[in-house]
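Working notes, beginning with the structure itself.
Both counts, for ligands and for their atoms, begin at 1 and track the order of listing. Just so it is clear, the structure is predicted and the values come from calculations on it, not from any experiment. Numbers here simply count residues along the sequence, with the first being 1.
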Amino acid sequence: MHSDHILRAVMYHYVRDLARTPFPALKGMPLDDFRHQVTELSTAFEMASIESALDFLTGEYRPRRDLCLLTFDDGLKEHYRDVAPILAEKRIRGVFFLITSSVDERRMAPVHMNHFLMARLGFDAYAEAFFNKVVAMSPEAFAPLNVDPLRASSTYPWDTPEVARFKYLFNFGMEPDLRDRAVRELFSLHIGEEAAFADSLYVTWEEARKMQKAGMAIGGHTHQHKPLANLSPRELNFDLETCHRLLHQNLNPQAVWTFSYPYGKKDSFHIRAVRKLQQLGFRCAFSTEVADNRRGSDRFMIGRTDCKKALVATAGA
Ligand SMILES: [Zn+2]
């Protein structure tokens with residue numbers, strides 16, 4: 001028996017009233033569910049800031065209750081428009097991770113184009129259009145890869161096996177340049193111009209500064225949202241240095257800078273990325289490995305809980 005408390009970091013992506021958007025098939029949490037969940041979490045936990053969460057992990061802060069930190073990936077516009085005001089009203093300090101190329105260059109992360117294309121066309125039609133496009137662009141380069149279905153469904157537990165296999169292949173199993181060219185062409189054909197869509201999807205620097213003023217913390221989520229383990233040492237350094245520089249050039253100073261690994265399973269990054277983040281002054285980093293965290297837990301491998309399971313007690317916690 002022990003009296004140690006835990007830190008539960010909850011992970012959110014899209015938080016929007018999907019039925020009332022042009023993409024009702026997108027996967028995300030409706031705003032009323034979010035409001036309700038925040039109220040419940042505030043009752044069950046002490047709501048942490050990034051500072052108190054970090055002090056807990058290093059042993060400098062001994063809370064009387066379990067801690068809960070709310071984290072939001074990808075720097076989406078609804079995080080500024082809808083989520084931050086709800087948190088500010090309750091004096092909760094969320095952490096929001098920005099993809100700096102999306103904010104700075106109006107670029108869409110291919111993984112987001114993938115979500116919107118799938119929502120617009122339906123999975124079957126999209127997968128067919130995507131593979132046709134890839135084969136047309138590069139008949140030799142493309143060979144269907146044998147994706148381990150178990151690995152795929154543990155990475156994407158909320159999707160059907162077919163969708164999970166496709167997403168796994170898309171995000172980890174293909175030559176990224178070819179994949180990105182194919183998805184960009186399909187996006188402009190079926191949805192529209194990338195820069196304009198990026199404007200409506202991601203926060204601006206000014207909006208991110210307003211979030212900081214409202215008590216929110218901003219963190220890095222890379223420059224280009226690529227799985228870090230797939231980058232060469234040079235590409236890795238360039239990506240993380242660019243992300244770090246743009247955050248510091250465009251945002252207000254913060255006591256703690258933190259980071260979230262894109263994709264975030266432990267095989268999506270390695271020690272070289274951790275060392276580089278430490279060298280750049282990031283104090284901790286969040287994975288997507290499902291775990292609660294304790295005093296002394298690895299600060300560069302903070303576990304998170306998907307928002308669908310935010311209130312489910314974990315074994316042993
Ligand atoms: Zn992301």
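No donor-acceptor pair closer than 3.5 Å links the side chain of Ser102 to the backbone N or O of Leu98.
In the hydrophobic clustering (ILVMFWY side chains linked at under 4.5 Å, chained through shared members), Leu67 is joined by Leu7, Ile50, Leu54, Phe56, Leu57, Tyr61, Leu69, Val95, Phe97, Val256, Phe286, Ile302.
In this model, no donor atom of one side chain and acceptor atom of the other lie less than 3.5 Å apart for Tyr261 and His221. Between the side chains of Glu51 and Ser49, a donor-acceptor pair is found at a separation under 3.5 Å.
Neighbouring protein atoms of the Zn ion (ligand 1) (N, O or S, distance under 2.8 Å, waters ignored): Asp74 OD1, His221 NE2, His225 NE2.
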Practice item. Show your working on salt bridge (Lys or Arg N to Asp or Glu O under 4.0 Å) between Arg16 and Asp82 and close with a plain yes or no. Key: CA-CA 8 Å; Arg16 48 170 75 182; Asp82 303 318; over 6 Å; no
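Phe282 places a side-chain heavy atom less than 4.5 Å from the side chain of Leu247.
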